[in-house]
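Structure first, then comments.
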There are 2 protein chains.
Amino acid sequence: MALPRQYSGGANGNRSLERGIEILRAFRPGIDTLGNGEIAERTGLPRSTVSRLTKTLVALGMLDEIKAERNYRLAAAVLSLGHAVRMGSPALRVLGPLMRAESTRRKLNVGLATADRAMMVYLESIRYNPRPTLRSIVAGQQVPMELTSLGRAYLAGIPDAERDRLIGQFQRRSAAATRALVADVQKSIRVVRRDGYCAASWQPGVLAVATPMVVESLPVYAINMSLQDIEPSDDLAKEIGGYLMAFAERCKEALSGLQDFRG
Amino acid sequence: MALPRQYSGGANGNRSLERGIEILRAFRPGIDTLGNGEIAERTGLPRSTVSRLTKTLVALGMLDEIKAERNYRLAAAVLSLGHAVRMGSPALRVLGPLMRAESTRRKLNVGLATADRAMMVYLESIRYNPRPTLRSIVAGQQVPMELTSLGRAYLAGIPDAERDRLIGQFQRRSAAATRALVADVQKSIRVVRRDGYCAASWQPGVLAVATPMVVESLPVYAINMSLQDIEPSDDLAKEIGGYLMAFAERCKEALSGLQDFRG
DNA sequence: TAACCTAATTCCATTTAGTGGAAATGACCG
DNA sequence: CGGTCATTTCCACTAAATGGAATTAGGTTA
C-alpha cells in the first residue's frame, strides 16, 4: 500500500532516486554515522524503505556498512564524485590559479562558492597563512547563505524568483530573529547593487567581503576575500572591497572566453 | 513494458536509485559535461528513462543543467557530499596530521586511499614540494588498482573472495597484456605478505611504495609514500619502504583506540 | 546458558509509480 | 522557411517498489 504521490518537492520526479539521495544528504559534517533507524527518523521515511535503500547504496559503493555498530558512513565513491565536480568545473579551472596568486599577493583568504539549497558551497577556499606550510585549500565546505557575505552576494546575482524562494527558506530555518535577519539580508543585497560587493562579519574576528560572479551558461558564483584574527572595521572592508572589485574584473575577463572552448 | 529484473549487478536493489547513481558516475575527470543522449549511450539506459532521471537529479541539486548546450554537469551538492565523506572519516581525522608531519619530515608524498570498485580513491594525498607554497593536498582522485602500489597493497589486505572478484574485473578492463599483468599483481601481493609493503613505478620518474592498513570496523585502507622526478631503484624502494613500515606502525597504533570513541 | 527485550530486516499482498516505445515537440541548419 | 535530427512528453501496461506485519538477529541481564 504505497502512499499516494504527495511527497516533499511536489514536482514530479523519480521517488526512489529522490529518497536515496536524501539518505545520502542526511550524512553531513557532524553527523558521521547513521543507522537505519536514525535515517528513518531524520528523513521521515518508513523503516523498511530505508533498510532497502541503504542496502542498495552499499552495493553501489556510496555507503560503507559498519556491521559491528549496525550503521553506515559515506563511502569513497562519494568522494571521487566530489572530485569530479571540481575537475569538471570550468570556472574553477580558470579562476583557481588566479585565486592562488591573489591570495599570496594580498595575504588574505580567497574563496569561490556557489549554492546548494540554502547553503553556500566552497568550490575552492584558499586559506592564507603567513607560514606557507600551514596554508590550506578546502573544497565542499558549507556556510549558511543568509549569514555570509558570500551568500548575500550570491543572492544579489540570481533571478528574483529564485531569491524570494530562498529567503522564504531562511525564515523557515531559523524561527528566531527572522524579521531583522531578512531585513539585513535585503540591505546587503542593496549594498551589492550599489558598491558591487558587500561585507559581513558573522564569525568574531573575521571580516569577509564578497561579490557575485554571473557568467553566461554557468551557475551563479560568488567570490570572497577574508581576513581572520583582525578587528573588523568599515575602512578595512572598504580596502578589501577595492581589491575584490579589481580581482573580480579580471575574473570576469578570464571567464568571458569560456563558452568557445566547449568545456 | 518494463524489462524483467535482470540488470547489471544481479543482486536485488532499487533499480531507479541504481540507475540514478550510475548516471552520476558517468561524469568523471575528463568527462565534464554530458547530454541525455550521451548518458543513454554510456549507461545503456533508454533515452526516455535518462531524460526523467536527469530531471530528478537536477531538481535534487546533483546536476546543473546547461540549457544552451543541452547538457549537464555535476553540481555543487555532490561536492559537499564529498566533503562530508572526509569530515566523517575517523581514519583521516586520526592519520591526517600524522601524514602531514611525515611528509614534511621525509620530504616525500604521503597518501591514504581506499577502493571504489576497481579504482583506488585518495582520501588524502599530500604532495611534497621543496617550495612550501606549491605543496598541495588532493582528495578524491582515482588511480587504477591493478597498476599502483596503493592498489596492490590494498588487494593484499582484503579477504580472498573480494580480491578474486576484483582481479576478474581487471581482466575484463584491459584485454591486452592481461596474463602478465595479473601475474605481476599477484607477485606484488606476495611481496606485501613477505615485506609488509610493495613498490611500483607505473609513471615514469615516480617511485611509490604502499602498505595495507587493516583496522577493525573500518574499510581496508592503503598508505603510500612516493617520490617524483627521481630514478626509481630497488635500493631507493627499500629505503622508502623502511620509512613506510615505521610510519604504518605508528598509524596502526593511533587507529587502534578508535572504536572506543564512537565516531 | 537461556530468556528477554529492542531494533533491524524480510515477507507479502496491494497498487502505485516507473517503464519504454511512439508521438510530439523543439532546436539547428541549409 | 522547410527539413532533419535529437530530446522530451505522453500513455497504456505491469513490474517493481511500497509499508505494515511477522520474523529474525543482537545485545543484555540473570
Side-chain angles (χ1 to χ4, degrees), chain A residues 1-24 26-27 33-60 63-73 216-217 259-260 262, chain B residues 1-24 26 33-60 62-73 216-217 259-260 262:
Chain A
M1 196 195 288
L3 279 179
R5 180 170 267 256
Q6 53 173 3
Y7 52 94
S8 61
N12 267 24
N14 185 298
R15 181 163 65 158
S16 306
L17 179 51
E18 287 176 352
R19 290 173 159 189
I21 299 287
E22 224 45 63
I23 288 176
L24 292 180
F27 295 84
T33 64
L34 288 171
N36 282 334
E38 287 169 293
I39 294 173
E41 280 174 38
R42 284 172 186 278
T43 58
L45 298 173
R47 300 177 109 80
S48 52
T49 299
V50 171
S51 211
R52 265 176 281 126
L53 292 179
T54 51
K55 199 186 206 181
T56 301
L57 288 168
V58 168
L60 288 168
L63 290 180
D64 281 332
E65 185 175 7
I66 311 163
K67 286 224 171 64
E69 305 179 10
R70 308 184 125 242
N71 56 23
Y72 301 91
R73 183 179 272 127
E216 181 77 8
S217 90
Q259 49 269 55
D260 312 332
R262 189 129 315 265
Chain B
M1 197 195 287
L3 280 180
R5 181 168 267 258
Q6 54 174 5
Y7 52 93
S8 61
N12 267 25
N14 186 298
R15 182 162 65 157
S16 306
L17 179 52
E18 285 175 355
R19 290 171 159 190
I21 298 288
E22 224 44 63
I23 288 176
L24 292 180
T33 64
L34 288 170
N36 281 335
E38 288 169 293
I39 294 173
E41 278 175 40
R42 284 172 186 277
T43 58
L45 298 173
R47 300 177 110 81
S48 52
T49 299
V50 171
S51 210
R52 265 176 280 126
L53 292 180
T54 51
K55 198 185 205 180
T56 301
L57 288 168
V58 168
L60 288 168
M62 297 289 134
L63 290 179
D64 281 333
E65 186 175 7
I66 311 163
K67 284 222 173 65
E69 305 179 10
R70 308 185 122 242
N71 57 21
Y72 301 92
R73 183 179 271 127
E216 180 76 8
S217 89
Q259 49 268 57
D260 312 332
R262 190 128 316 263

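This is a predicted model, so every value here is computed, not measured. Residue numbers start from 1 in every chain, and the chains themselves are labelled A, B, ... in the order their sequence lines are given, proteins ahead of strands. Below, each value reflects all heavy atoms present in this structure, side chains not excepted, and no hydrogens, waters or symmetry copies.
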Sorted by position of nearest nucleotide on DNA chain D, 5' first, the leading residue of A:Arg70 and A:Leu53 is A:Leu53
Whole-Å distance, A:Glu65 CD to D:dG26 P, equals 11 Å
B:Arg47 has its side chain closest, among D:dT7, C:dT9, D:dA17, to D:dT7
Taking D:dT7, C:dA8, C:dG18 as options, the one with an atom nearest any side-chain atom of A:Asn36 is C:dA8
Q. Is there a donor-acceptor pair under 3.5 Å between the side chain of A:Thr43 and the backbone N or O of A:Ile39?
A. yes
Rounded to whole Å, CZ of A:Arg52 lies from P of C:dC11 at a distance of 12 Å
note: B:Asn71, atom CG; D:dT8, atom P; distance rounded to Å ~ 11 Å
Quick note, B:Ser51 side chain, CB onward, closest among D:dT9, D:dG19, C:dT19 is D:dT9
A:Arg15 atom CZ is separated from D:dA16 atom P, nearest whole Å, by 16 Å
Practice problem: Record whether the side chain of A:Ser48 comes under 3.5 Å of the base of D:dG19 through a donor-acceptor pair of N or O atoms. | Solution: yes
After noting the C-alpha distance and the side-chain angles of A:Leu60 and B:Glu22, does the key distance pass the side-chain contact (heavy atoms from CB on, under 4.5 Å) rule?
-> CA-CA 9 Å; A:Leu60 288 168; B:Glu22 224 44 63; 4.0 Å; yes
Worksheet item: Within the side chain of A:Glu69, is there an N or O that forms a donor-acceptor pair under 3.5 Å with the backbone of A:Ile66?
Response: no
Looking only at side-chain N and O atoms, does A:Lys55 come under 4.0 Å of OP1 or OP2 in C:dA8? no
Between CG of A:Leu45 and C1' of C:dA8 the distance, given in whole Å, is 16 Å
Regarding the side chain of B:Pro46, the nearest nucleotide among C:dG20, D:dG26, C:dA27 is C:dG20
When rounded to whole Å, the CG to C1' distance for the pair A:Leu17 and D:dT18 reads 17 Å
Polar side chain donor-acceptor pair, A:Ser16 to B:Asn14, under 3.5 angstrom: yes
Q) Heavy atoms under 4.0 Å, any strand shown: does A:Ala40 hit a base, just sugar-phosphate, or nothing? A) nothing
With the side chain defined as heavy atoms from C-beta on, A:Asn14 is closest, among C:dA17, C:dA8, C:dT19, to C:dT19
Rounded to whole Å, the CD-P distance (B:Glu69 to C:dA27) equals 15 Å
### Query
Between the side chain of A:Thr49 and the main-chain N/O of A:Leu45, is any donor-acceptor distance below 3.5 Å?
no
Quiz item: B:Arg19 side-chain donor-acceptor pair to C:dG18 base, under 3.5 Å: no
To the nearest angstrom, the OH-C1' distance between B:Tyr72 and D:dT7 comes to 9 Å
Side-chain contact check for B:Ser16: nearest option of D:dT18, D:dT8, C:dT19 is C:dT19
